[in-house]
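To start, the structure under review is shown below, and the notes come after it.
We count ligands from 1, going down the list as the structure has it; atoms in each ligand are counted the same way.
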Amino acid sequence: MYAAFCSIGAYVPEKILTNSDLETMVDTSDEWIYKRTGIKERHIAADNETTSDMGVNACRIAIERAGLSHNDIDMIICATISPDYFCMPSTAAIIADKLGLQKVTAFDISAACTGFVYALSIAKAFIESGMKKNILIVGAEKLSAITDYTDRGTCILFGDGAGAAIISATDNKEHAIIDIHTGSDGSYADLLMSPNGGSGSIHDTLEHTACFMQMKGNETFKVAVRTLTNDVVSILADNSIEASTVKHFVPHQANYRIIKAVGDALNLDEAQVVLTVEKYGNTSGASIPMAINDIYESRRLQQGDLMLLDAFGGGLTWGSALVPFAGKGK
Ligand code: UT7
């Protein structure tokens with residue numbers, strides 16, 4: 001059996017936080033944010049809207065587009081760093097319940113912005129081993145809940161949203177996910193972290209600010225460019241695939257300058273590079289499926305198109321994947 005990427009769905013909350021809005025909150029400017037990051041605006045979940053609420057909306061669309069019923073799903077993996085509850089239950093279990101699935105295998109994974117690629121690799125392994133047939137993977141983030149809106153170094157970057165995909169078993173080799181690379185280096189843990197709220201915390205874990213993200217932005221930027229580039233170069237070489245045959249390069253949407261540097265290193269045309277950072281900002285584990293959904297919605301994604309996914313995030317973690325789209329285009 002092979003694992004096929006059969007459908008995509010996404011959900012974007014209604015409220016928009018623009019760069020001009022941020023100008024009234026911290027010492028920054030629309031010009032600085034756009035020039036340094038490529039971000040114009042990001043979406044923010046409503047106060048009573050949870051990560052699982054957003055995730056479930058994306059999942060429903062992905063299930064419907066795959067032509068499956070909810071009961072066909074035998075596993076749900078949720079990639080998130082902003083779960084509904086920090087210790088338990090998992091956001092995946094809550095999503096399963098909201099979908100009406102009480103017996104499905106459901107768990108979260110923690111790989112920050114690389115979470116969706118990690119989830120994809122787990123789904124691929126479960127399907128290739130014959131243990132599962134239809135796996136729902138979802139990247140869902142309410143990063144606004146863990147963002148310090150007094151820290152201009154981070155609050156300008158992050159947004160909320162969710163994206164989901166169905167990974168199914170197939171005997172059609174042309175639809176098979178070709179390869180996935182994943183890795184991590186915990187010696188860089190302090191570059192991007194939520195330092196409080198866990199067993200390593202030195203602060204009162206009940207503080208409201210316990211889980212706020214902190215980032216050494218400039219150092220992270222440099223490691224990101226190097227790691228993302230090395231990773232895509234190596235997955236293409238390992239599979240003897242030329243960058244020119246990639247239809248859609250779908251990188252994690254952290255910063256336009258990072259994406260541009262990696263795209264240039266691969267000599268990619270602008271048309272190959274999927275960009276959503278301008279309107280969504282950085283949505284961590286949700287960023288890649290939201291970007292794939294964008295090309296689906298705009299009818300640029302067709303069956304058989306080769307996607308190259310590339311992600312990088314806290315941990316540090318990284319991952320890349322060569323994935324033909326096995327679903328039907330819109
Ligand atoms: O998703 C996971 C991975 N995340 C990333 O890969 C993000 C990587 N990092 C970045 O995207 C960029 O490093 C940032 C956008 C966060 C920052 O851009 P930068 O070009 O690396 O700026 P910097 O941190 O080197 O700061 C340059 C200057 C500093 O002022 P001085 O020291 O030169 O006077 C900062 O204080 O810009 C200042 N600055 C700001 N100014 C206006 C930092 N943040 C802001 C701001 N508005 N929001």
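- Below 3.5 Å of separation, one finds no N or O of Thr220 facing any N or O of ligand 1.
- Of the protein's heavy atoms, at least one falls inside 4.0 Å of atom 18 (O) of ligand 1.
- Among Leu191, Thr154, Ile33, Thr28, the residue whose heavy atom lies closest to atom 46 (C) of ligand 1 is Thr28.
- A side-chain donor-acceptor contact under 3.5 Å links Thr150 and Asp148.
- Looking at Leu157 next to ligand 1, no N or O pair under 3.5 Å apart turns up.
- Interface of Thr37 with ligand 1, defined as ligand atoms under 4.0 Å from a residue heavy atom, comprises 15 (C).
- Side-chain contact between Phe5 and Ile167 is present, with heavy atoms from C-beta onward closer than 4.5 Å.
- For ligand 1 and Asn255, the ligand atoms under 4.0 Å from any heavy atom of the residue are 10 (C), 11 (O), 12 (C), 15 (C).
- Taking a cut-off of under 4.0 Å to the non-hydrogen atoms of His252, the atoms of ligand 1 that pass are 1 (O), 2 (C).
- Among the atoms of Ser29, none of the N or O lies under 3.5 angstrom from an N or O of ligand 1.
- Distance screen at 4.0 Å: atom 31 (P) of ligand 1 has no protein heavy-atom neighbour inside the cut-off.
- There is a protein heavy atom closer than 4.0 angstrom to atom 48 (N) of ligand 1.
- Ile8 is connected to Ile127 through a chain of hydrophobic side-chain contacts under 4.5 Å among Ile, Leu, Val, Met, Phe, Trp and Tyr, so both are in one cluster.
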